[in-house]
Structures are given as C-alpha cells and as structure tokens.
Number of protein chains: 2
Amino acid sequence: MRADLTIGMAARAAGVGVETIRFYERQHLVRQPPKPDGSGARRYSADTVGRIRFIKEAQELGFSLREIHELLALRADPATDCSEVREQAVAKRADVRRKIQRLQDIGAALERLIAACPGQGALQACSIMDALTPRSGGCAENGRRQHTNPRKSSCTKHKKENTR
Amino acid sequence: MRADLTIGMAARAAGVGVETIRFYERQHLVRQPPKPDGSGARRYSADTVGRIRFIKEAQELGFSLREIHELLALRADPATDCSEVREQAVAKRADVRRKIQRLQDIGAALERLIAACPGQGALQACSIMDALTPRSGGCAENGRRQHTNPRKSSCTKHKKENTR
DNA sequence: ATGGCATCCGTACCATAGTACGGAGTCAAG
DNA sequence: CTTGACTCCGTACTATGGTACGGATGCCAT
C-alpha cells in the first residue's frame, strides 16, 4: 500500500480539514506517517483516508472518539488474546444492535407521522412523541383519502407539551 | 395528563441531572411548566420525562440538540402546513435510514471479526477496517473448524495501518 | 533564485452539551 | 422554630471535538 498523498490531499479525499487530521493524530486515532527520507512533508495512504472516513461516519452514529478508538483497536490476529477481543466485539455488536433498534423505532414513528400528513393538513394532531407510541396518543393514519372532506377533523384536542 | 413530579423526581425518572433539565429548558427543548398557584416549585409531567428520554436516546444516535429540536417540532396537525412538515419528515426518515444502513455495515463487520476470532487466536489478522470490505482485506471466516489444522494460516501479511 | 503555495508545529480560540456553585427561598418533620 | 432536603436562578467552569492563527520551512514552476 503506497503512501502518496500529502496531508492536504488526504484531507480533501476524506472530506475533512487538514487540522482535523492533525487532531486525530494527536488523539492517536490515526498514525502520523514518517517523513519519507528526510523530506519536509509526510505522506498518507488511501487506507488512512478510509480510516478517517470511518471515524466521521461512526461519529454521526453517536460514537465518541474514545469509542471509535476502541472499535479501531479491535483486531483478531494470531498474536493477541482472541477471547478478549471477541468479548469486546460482542459487546460492540450489542451496542450497534440497540442503536439500530432505536433508529427503527424512530423511523417507524416518522412513517406514521408522514402517513398522518397527507399533504393538505392532517386530520389529527400528531407529533413524533405521539407517533412513537402507536397505541395511545394521536396519529390516526390517514392515507390517500385526499378526496374526502378535509373539514371537521375533530383535531387539536390534546395540546399537552407545546414547548415553544 | 397531570403534572405531579418535582424537577428532582423527573430528573431521576429520566436518568439525567436536574441541571440537564434546566439546560434543556433554556434551549427550548422542553417547556418550563408554570409554578402551580404561586407555589415555589414547578411540577413536571410523565410526558416531559418521556420527552427527555427521547432527547437522550436521539443523542446517542448521533443527533445534535438542534436536530432533535427539529424532530420534536415536527407536527402533523390541522393548523400547520402539512406539506412542509411532510417534506421535513421525509428528509429525517432518509437520514434515519442512512444511519441504519451504516450501523448494519458496522454490525456485519463486527460479525466477521467475531467469526474470525474463534477463541484461541485468529488464523488471520483482521481489524474492523478489514472486515468492512469483505472482498479484499483479511478476515477469512474461521468458524467452528477448530479441529482443522491451524498452522499455515498465511497470516500477518499486511500490517498497513498500525496506529499506536 | 524568487514568488506563491503547502506543510509543519505550537498555541489559542471556538461551539456544543452539559456540570458545578452559591445564595436565597420553601416546606415538612422533629 | 430550627434543621435538612429540596427548589430557584444566575453565573462560572468543564470536557469534547474540532478550527484558526502565525511564524518557519519546504517544494516547485517561472
């Protein structure tokens, strides 16, 4: 794997600023490559770019840099005690699964919200908090019946949390 | 919905500190309830507790407080322009789907890492970065074939990024 | 060899999301 | 009627994750 990118090129390729790469180096999230042959500028590989992209993505999924470090440090290889690595990997997997579950709940709530909102004014008040608990709050689904009379929606019954 | 919790009780129920609730009030993420009848202490409802829980969960999924505010502000109801709400909800849903996809990728990579790691030392070096790109890097899966000859694993070929 | 970039490195500053502190008030039990 | 636990509100401090700045140096094309 040849390292042929300057820090500026690597930063552009990864979609971050040069300073971010240096910051990650200080945090030991990416290794600072050696200066090739006493030259002034370090050279970065495409692998490093991928690593930086991974860091940014994982951040958007709610992992802290510390957690990302742990993720990146996980290695199955013949030199390490695999059972410990395995244990951590299993824990991370559980974490990931929990997050997926919650996102699916939020996705379903948004789906309900969208269904309650046919395009011309909903028939029933419905926030995402209502939509999270399908059996209880508002959010009658109110599909493609746009031709039906949009008056008399019996709405705006419960205001509850107004918050701003 | 009766509001019968003091701020301390609400904080405990939501798993946050009192100061966090006050902070959210300052940020207009939760409404500050009125003091009932000139009494000194405000009273919070179970709804507010749910709202705070939602905020904490969404944060762990990588949403900023600003984004969470937008999520919470989405309401389908007869008084608002539904098509605009719908548009935002659809955008948020896309966001959520993207996150789910990435988490599934990471989950699959962890799965591969776990599979490559039978418990006694892996046959092949494999980091999560390798495991993310199944066809290319390391991470031969190495399931329950512990009886097959574990020599000659042709491992530890590519060290690439060592990073610390 | 010189002008214009880019890199290097250190330090300072910034936004976000809390967390702590301190003084004053309230309320119920002992 | 005091003590202790809690609330209220304002201000200050903290941790995380960058961003910006500035002087020195390096690289390369004209």
Side-chain angles (χ1 to χ4, degrees), chain A residues 3-45 48-49 51-73 163-164, chain B residues 3-45 48-49 51-73 163-164:
Chain A
D4 46 5
L5 306 170
T6 64
I7 194 170
M9 294 160 72
R12 247 163 283 136
V16 302
V18 167
E19 305 306 323
T20 301
I21 295 182
R22 287 207 227 277
F23 175 73
Y24 289 166
E25 287 172 348
R26 287 200 293 283
Q27 306 297 309
H28 305 291
L29 279 159
V30 310
R31 188 181 56 116
Q32 187 171 49
K35 298 188 186 181
D37 256 344
S39 152
R42 303 172 190 285
R43 295 284 161 163
Y44 294 77
S45 70
T48 301
V49 172
R51 198 173 169 99
I52 294 165
R53 279 188 195 284
F54 177 80
I55 294 167
K56 295 310 285 182
E57 289 201 350
Q59 265 190 311
E60 286 173 17
L61 299 172
F63 294 98
S64 67
L65 292 187
R66 166 174 297 278
E67 289 171 314
I68 292 166
H69 192 286
E70 287 165 14
L71 267 177
L72 287 168
T163 300
R164 179 181 211 165
Chain B
D4 47 5
L5 307 170
T6 65
I7 193 170
M9 292 159 75
R12 245 163 285 135
V16 303
V18 167
E19 305 306 324
T20 301
I21 295 183
R22 287 207 226 278
F23 175 72
Y24 289 167
E25 287 172 347
R26 287 200 294 281
Q27 307 296 308
H28 305 290
L29 279 158
V30 310
R31 188 179 58 113
Q32 187 172 50
K35 297 186 186 181
D37 257 343
S39 151
R42 305 173 188 284
R43 294 285 160 162
Y44 294 77
S45 70
T48 300
V49 172
R51 198 173 168 97
I52 294 165
R53 278 188 196 284
F54 176 80
I55 293 167
K56 297 309 288 181
E57 288 201 350
Q59 266 191 310
E60 286 174 17
L61 299 171
F63 294 98
S64 66
L65 292 188
R66 166 174 298 277
E67 290 172 313
I68 293 166
H69 192 285
E70 288 164 13
L71 266 176
L72 288 169
T163 303
R164 176 179 212 169

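Naming: A, B, ... by sequence-line order, numbering from 1 per chain.
Nucleic acid contact for B:Glu25: none, since no nucleic acid atom lies under 4.0 Å from a heavy atom of the residue. Within the nucleic acid shown, B:Gly8 comes within 4.0 Å of sugar-phosphate atoms alone, with no base atom in reach, counting heavy atoms only. Counting any heavy atom pair closer than 4.0 Å across all strands shown, A:Tyr24 reaches sugar-phosphate atoms only and no base atom.
The phosphate of D:dC9 (OP1 or OP2) has a side-chain N or O of B:Arg42 nearer than 4.0 angstrom. Residue B:Thr20 places at least one side-chain N or O closer than 4.0 Å to OP1 or OP2 of C:dT19. Between A:Arg66 and D:dT16 there is no side-chain N or O to OP1 or OP2 distance below 4.0 Å. The side chain of B:Gln27 places no N or O atom within less than 4.0 Å of a non-bridging phosphate oxygen (OP1 or OP2) of C:dT16. OP1 or OP2 of D:dC27 sits under 4.0 Å from a side-chain N or O of A:Ser39. The side chain of A:Gln32 places an N or O atom within less than 4.0 Å of a non-bridging phosphate oxygen (OP1 or OP2) of C:dC9.
Comparing the local axis fitted to the first five base pairs of the helix from C:dA1-D:dT30 to C:dG30-D:dC1 with the one fitted to its last five gives a bend of 10°, rounded to 10°.
B:Phe63 places its CZ atom 17 Å from the C1' atom of C:dA17, with the value rounded to the nearest Å. Protein atom CZ of A:Phe23 is 10 Å distant from nucleotide atom P of D:dT16, rounded to whole Å. The separation between B:Arg22 atom CZ and D:dT11 atom P is 15 Å, rounded to whole Å. Atom pair B:Ile55:CD1 and C:dT16:P shows a separation of 17 Å (rounding to whole Å applied). Put simply, CZ on A:Arg43 is 9 Å from P on C:dT7, counting in whole angstrom units. Atom pair B:Glu60:CD and C:dA17:C1' shows a separation of 14 Å (rounding to whole Å applied). Rounded to an integer number of Å, the gap from B:Ile68 CD1 to C:dA17 C1' is 11 Å. Note: CD1 (B:Ile21) to P (C:dG18) measures 12 Å, nearest angstrom.
In this structure, A:Glu25 and A:Gln32 approach most closely via the heavy-atom pair OE1-NE2, 3.4 Å. When all heavy atoms of B:Arg43 and B:Pro36 are compared, the pair lying nearest together is CG-CG, 3.8 Å. Nearest approach of A:Gln27 to A:His69, heavy atoms of both residues: O-CD2, 4.2 Å.
Residue B:Glu19 places its side chain closer to C:dC21 than to any other of C:dG18, D:dA20, C:dC21. Residue B:Leu65 places its side chain closer to C:dG18 than to any other of C:dG18, D:dG17, C:dC8. For B:Lys35, taking side-chain heavy atoms from C-beta onward, the closest of the listed nucleotides D:dG17, C:dG18, D:dC9 is D:dC9. Among the nucleotides D:dC8, C:dT19, C:dC8, the one closest to the side chain of B:Arg26 is C:dT19. Closest contact between the side chain of A:Thr6 and the listed nucleotides C:dT19, D:dG18, C:dT7 involves C:dT7.
Considering A:Ile52, A:Ile68, A:Thr48 in turn, A:Ile52 is the only one that fulfils the side chain to side chain contact (heavy atoms under 4.5 Å, CB included) rule with A:Tyr24.
Between A:Arg26 and A:Phe23, the closest side-chain pair of non-hydrogen atoms falls below 4.5 Å.
Comparing B:Ala41 and A:Lys56 along DNA chain D, the residue whose closest nucleotide (by nearest heavy atom) sits nearer the 5' end is B:Ala41.
No donor-acceptor distance shorter than 3.5 angstrom exists from the side chain of A:Glu60 to the backbone of A:Glu57, with no hydrogens or angles considered.
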Worked check of side-chain contact (heavy atoms from CB on, under 4.5 Å) between A:Arg22 and A:Ile7
CA-CA 9 Å; A:Arg22 287 207 227 277; A:Ile7 194 170; 3.5 Å; yes
Intermediate values then yes/no, side-chain contact (heavy atoms from CB on, under 4.5 Å), A:Val30 and A:Ile55:
CA-CA 10 Å; A:Val30 310; A:Ile55 294 167; 4.1 Å; yes
